[in-house]
Each structure stands twice: as structure tokens, then as C-alpha cells.
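Single-structure report; data block below.
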Protein chains: 2
Amino acid sequence: MGSGPAAGPRRASTRSVTLRDVAARAGVSSQTVSRVLRIPEEVAPHTRERVEAAIRESGYVPNLAARNLASNRSKIVATVIPALGSELFSETLTGLSAVLSPEGYQLLLGYTDYDDEREEDLIRSLLGRRPDGICLTGTVHRESTVAMLRTAGVPVVETWDWTDSPVDTLVGFSNERAMYAMVSFLHESGYREPCFVGSLLAGDHRSLRRLAGFRRAVNAFRPGREPRVVDASEYPLTLESGALLLDTARRAQPEADVLVFSTDVLACGALLAAGSTGVRVPGDIALTGFGDFELSRMVRPGLTTVSLPNARIGREAAALLLRRMRGGSSAASALDLGFEIRPREST
Amino acid sequence: MGSGPAAGPRRASTRSVTLRDVAARAGVSSQTVSRVLRIPEEVAPHTRERVEAAIRESGYVPNLAARNLASNRSKIVATVIPALGSELFSETLTGLSAVLSPEGYQLLLGYTDYDDEREEDLIRSLLGRRPDGICLTGTVHRESTVAMLRTAGVPVVETWDWTDSPVDTLVGFSNERAMYAMVSFLHESGYREPCFVGSLLAGDHRSLRRLAGFRRAVNAFRPGREPRVVDASEYPLTLESGALLLDTARRAQPEADVLVFSTDVLACGALLAAGSTGVRVPGDIALTGFGDFELSRMVRPGLTTVSLPNARIGREAAALLLRRMRGGSSAASALDLGFEIRPREST
DNA sequence: AGCGCTGCCGTTAGCGCTATCATCGCTCTC
DNA sequence: GAGAGCGATGATAGCGCTAACGGCAGCGCT
């Protein structure tokens, strides 16, 4: 018992089962246990069975932090979205996860609340886990954020928008062109006084790109006209806000013949409010959305909107990351998944 | 240049900036850099400034996997939800994140798709990161899952339901009592032939608890009657399914006077479909939901439903985990946040 | 003067795992 | 039948970080 002066371990251990414990139980070296876990075909069947039994009996769960440190691969994909609640982003997330989970990757998630500074802090903190890949929403980021990502040298995929100079890879569509197409469609349908209703928040880059498309279209089809715009920055992205905005916009822009919302959430809210307050759509005013939520096609009148490849963005982004993480083509790739105008009864 | 036989490092390093690099640049030991990061007040101001400058200049980002391994704390909270898309769970997630992020915790997310086996696999894989805490949805899990969690010895909080024997801590409400209260309310309102419409999937435990509450209520208020039930297991949780189920249920249970949906998604879908097909609500048939989505109060007629503390569940669960992770009270705690019946025009 | 204390910083020894090499018995070949 | 070749396993040295302790000034106190 009388052990030496510096007896006892210097540090308390995890108290959880380790490779070494399993190895002792199976009567092999810890290296062999590690091999059973990672490359079972290189272990003799007889040994493998003994080790697998020991793993089962002891309830061993590998410590991925240790594995990460030793192997320099984390099996983590960090994912940044603007907000958790959105129907569209959650479908993208589902697509991402559906492709990455089977490959053993885990999603480390964070949201920015449409704030570029929060995005940078978030990415910095996520980089601490040394993710094998990063999936971002949007193509506009602070310069310092991009520098950080470049320094980290991690595969990145940007989504949900378009740019000619992606950080690394890109899967999305052009919000600007989509909105242009919508206004173009409205013009063809005879609408002459469209009014954009959406957030002009500095951090909501997708909405701003849509506004840019709107402006370009108005300049093209109604040269010389000042584009009508109602700023919805003060309103959260809820149906309720859409209801309020219907009223606000009709008062602010009484001559508008169609309200072009930057997102289906607001448009649906307006549509529902119109139904309950007796405003006829499209008789008194036409409405359009952006995103093609399920609600938009269930509500009466159906909402004219832009359908986006939300789930596909997730799957393709995951596929691209996978290729990249496996050390595939170092050439940057960009994938434009396009969009589709969905005419319904609201116009 | 002819170096020795065992020349060169045995292993390639991360290639990223390490503590040691920063220490060399600042002319201190790596331990001092570590201290600046974790307990800056114990470092002399003069030294601290030099180190902070070195950190900034080198763009150092701490490797959290290494920190995790050395300190035996991961600053990760693993979160398990049934599905990503649901409005309610995402509000809970937002609440969780809002409380945990400022404390430096990151969310590791996974979803089960309402499958207990997937839940177990998911939790096993999440445990590999040695999370400091785990947040689960629901109170029903496989025995082996519970055993695994107990062995891991990690703080756990279960949410969104109620049980007398939680794994560890609990934040939720009783789905069973909530549905009982709903049927009780309907009975008082004069409805005598309620019909439950919802998923009976083995993995959707919340829905099953609601069904149990429904059955108990029918037995209490209409003794001897066989409770009317329409199984929606075949349908995904979408508005579209609700629309189809309105038709199915009215055909299968023509004498029902109120359709009691297990969730607002389906109820809203039915309500919208009723509007477009000329079925009068509540004239021809009354409808109720469960969850109080935003849509439920915006649609006409408004949907009678049960309001749940979705965001609060997240915040309280986070608070409980925080206390637990700081080594607080080891006594198990359970928090019942209740529910509220929201009568609207659909009944 | 000598003692103990405190504040600051460095040294040492791991955390649990994997990469890389070394080793050991085999079989195969000429 | 000796060396080459190979498959299976073990030994060793880290990955980047932190906990625990050691050491050393500078200070106040008796």
C-alpha cells in the first residue's frame, strides 16, 4: 500500500469505458480494438469476434473528440442558417442530414438571426471543432469571415443564392433573377403597378437580392418609374406581419395593383387577412409570394409564387461537401438549381 | 538533405495555428496562452496584452476537440427531435439555443423521424462526442436507450411530455391530460360524438398519449361508447394530409360531430380544405387541433386548439441543463408547464 | 531575519485515440 | 532451406490542449 511520494494518477480520468478497457477484456492490444472499429476486414475473424463481444459487454462508446484529435478528421459538418423556424431552411437541413448522416457525419448547427456579426462569431466558434465541412446560407459575408474560412482551409458550400465569386463551392439559384422573372410574369399578365413588400434589413441578403431583381425589372418594363417599395424590416417574419402589411401597403401605395412580397410567409398572412376583412384577391389587389410554402397552394385563392429547390439544395450541398471532404476535385464547382414561377389564383 | 534515419515528424500536424505557435510569437509558455483564454484575470495585464495581440495576429482558433479531451468537458449539448420541419420543435430549439449559446454551448442536432431505433442509434452516435448535456423529445424510449444514457452519466432533460419516472430531469406537460381537457371542453360545448384523427405510429409517442387522453375522456363522458378513431399513420404530417383526412374521416365516421385532430397541421389542412370544398365549419362538422400554430389563429374560422408552451420548454430545459452541468442539485427535477385550451370559431 | 503568503508563470504528465512503424509467425518460391 | 513476401498484431509517439503542481519573486508580519 505505501506507494511512492508521487503516487496516484495526476488527473482523474473520464470514468467512462475506453479502448484500453475493451482491449484488456478481450485480451488484445488497444490498437487491435481500434482496428476492429475502423477496418474490421484487416483483423482475423476469430480475434474480431472476441473484440466485438468485449465491446458489446462493456457498452463501449468511442470518444470522438479523441478520435478527432488523433486522426485530424472530425466527422462534423457545421451548418449556418439565418433562423431555425423557417419552413424552407428546415427542408434544406433535412436534405443535408439525409445525405450526411449515413456517411457518419453529424450536424453542428447555429443560426445568425440575419446578422452578419453573429454569423462571424458563430463561424469562429464552429471552426473550433475543426469541422470537415461547412454549409452556409447565402453568398454575402463579411470580408473577415471569408478570410477566416479561407485560412481554415475547410471545404465550404454556400447555398440559397448566387454569386460569381463563391468562397469555395456553391449550390443555389439567383434570387435576383427569380424576382425579375416574377415581375416579368406579372407584367405579361397585365399588372403595371407592382409594389415590393419585404425586409430591407442589412443582414437579410436574400431579401435584398430580390429587391434588386424587382428594381431591375421595373426599370426594364416601366422605364423612368420609381419602383414602389414598402419596407417590412420592422416586422418579424410571421403571418401576422403579413396581415398588418396588407393594410400598411395598401395605404402607402394605393395605386399599386399587385403586392410583390419577398416571402410566402408575409404573402400568406396578407392573403388570409384579405379573406377575413373582405378585401378581394385578385379583384381589389393581387398578391404574390416567394418560396412556395405548402400553405401557399392550400389556401384560397392559391398564392402565385416562386417555387424554390429547398430540399434539393440540401441534398446537392451535402453531395458536393462529401466529394470535397473525400479530397475530390479541388476545382471549385457551382450548381444553379433554378426556380419556377407558379401562377395561381392570387393574380 | 541527408537527415538521420528516423528524421521528420512521425505524423503530419494539423497545419493550423496552435497554442504553441501563439506562445512562441508572444514569448511565453503555452500554458500562459491557455490561461489568457480561460482565466484572463489570473494573467498580468502586460503579459495578457502581448498574448492577445499574438492571438489576433495569428488568427488562432482554439481546437475544441483537444480542449474537450484535456478538460473532459465538451461544451456540447446534444439535441434529439423527431423532425426538423415542425414549427413547434423549432421554437423549442430556438429557446434552447437562445439560453445555451451565450454560455458557450453548441447544439449538436439529430432527428429520429419518429423511430425508436433511429433514436437509439442517434443517441449512441451523439454520446461519442461526450456532450455535457442531452435534450430529448418525449419521455418514452427503449430500455436499452435509457440504460445507455444512465451509463454515460450525462445530464439529460426530457421534454414535450410527462412521466413519473424521468431518466433525469423533465420539462413538459401532459399530452394525455391536455387531450382529456379538450374533449371535456367539447363535451361542455355540447359535442357528443367526437372522433380522434391522428397518427397511431408506434414511434409517435406524443400522438399516442393524446389518443389515450381521448379514450379516457370518452369513457368518462360517454360511458360504454367505443371511442371513434381514424388512423392517420399512413399520411405524412402535412396540410395536404389534413385535407385528405377531412374527407376520409367524414366518410368513415359520418355520425361524428367534431373531428379532434392530434395536431394543428392536420387540423389546419382540413380547415382549409373545408373552406374550398364548401364544407361548413362548424356547421357541418366541427374541428379541433393541438399545438396552436400561428396559422391556426389566422385562418377563418379560427381553429379551436390547445396552446402549448413550445418556446418556454426550450428555455426552461436549457436552464435546467445549465444548472445540472454546473454540478448543481443532483436531485431530479421535473417542471410541468401546463397547456391552455384556446376556443375559437371552428367549434 | 525568517516565515508564510500571494501572484504570476513555467514544467510535467496525461486526456483517448490513431498513424506509423516494428515484429512475428507463416507460406511460398527457387 | 534460406530469404522474400505477406497477413496479423503489438509498441511507440504523438494530435493540441488543460490540470496539477513547482518555483520564484515580492510583500507584510512577528
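Within every chain, numbering begins at 1; the chains are lettered A, B, ... in the order of the sequence lines, protein sequences first and strands thereafter. Keep in mind that what you see is a predicted model, and the values were worked out from it rather than measured. Heavy atoms only: backbone and side chains are in, while hydrogens, waters and symmetry mates are out.
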Inset, instruction - Please state how far atom CD1 in A:I39 lies from atom P in C:dC17, giving the value in whole angstrom units. - result: 16 Å
Legend entry - Euclidean distance, atom CD of residue B:Q31 to atom C1' of D:dA19 [Å, nearest integer]: 8 Å
Inset, instruction - Take atom CZ of B:R129 and atom P of C:dC17, then tell me their distance rounded to the nearest Å. - result: 13 Å
Legend entry - Derivation and outcome, salt bridge (Lys or Arg N to Asp or Glu O under 4.0 Å), residues A:R326 and A:E103: CA-CA 11 Å; A:R326 288 183 184 132; A:E103 303 289 328; 2.9 Å; yes
Inset, instruction - Kindly point out which of D:dT9, C:dC9, D:dC17 is positioned nearest to the side chain of B:N63? - result: D:dC17
Inset, instruction - Take the protein atom CG of A:N72 and the nucleotide atom P of C:dA19, then report the distance between them rounded to whole Å. - result: 10 Å
Inset, instruction - Would you give the length of the straight line joining atom NE2 of B:H141 to atom OG1 of B:T112, rounded to the nearest 0.5 angstrom? - result: 10.5 Å
Inset, instruction - State plainly whether the residues A:D132 and A:R324 are in salt-bridge range, i.e. N to O under 4.0 Å. - result: no
Inset, instruction - Report yes if at least one side-chain N or O of B:R35 is closer than 4.0 Å to OP1 or OP2 of C:dC9; otherwise report no. - result: no
Legend entry - A:R142/A:E120 under salt bridge (Lys or Arg N to Asp or Glu O under 4.0 Å): CA gap, chis, key distance, verdict: CA-CA 8 Å; A:R142 286 178 160 197; A:E120 177 155 334; 3.5 Å; yes
Inset, instruction - Counting heavy atoms from C-beta on, name the nucleotide in C:dG10, D:dG10, D:dT18 closest to the side chain of B:V28. - result: C:dG10
Legend entry - Rounded interatomic separation in angstrom, taking CG from B:D21 and P from D:dC17: 9 Å
Inset, instruction - Considering just the side-chain nitrogens and oxygens of B:T47, establish if one lies under 4.0 Å of OP1 or OP2 belonging to C:dC9. - result: yes
Inset, instruction - Would you tell me if any nitrogen or oxygen in the side chain of B:S71 comes within less than 4.0 Å of OP1 or OP2 on D:dT18? - result: no
Legend entry - For atom CD of A:E42 and atom P of C:dT20, their distance in whole Å: 13 Å
Inset, instruction - Give a yes/no answer on whether the side chain of A:R38 brings an N or O atom under 4.0 Å of OP1 or OP2 in C:dT18. - result: yes
Inset, instruction - Figure out the CG/C1' separation between B:L69 and C:dC15, and round it to whole Å. - result: 4 Å
Legend entry - A:D113 and A:R118 ion-paired at < 4.0 Å: yes
Legend entry - D:dT9 OP1/OP2 closer than 4.0 Å to side-chain N/O of A:T32: no
Inset, instruction - Check the distance between C:dG14's P and B:L19's CG and give it to me in whole angstrom. - result: 20 Å
Inset, instruction - Ignoring backbone atoms, establish whether B:S34 has a side-chain N or O less than 4.0 Å from OP1 or OP2 of D:dC17. - result: no
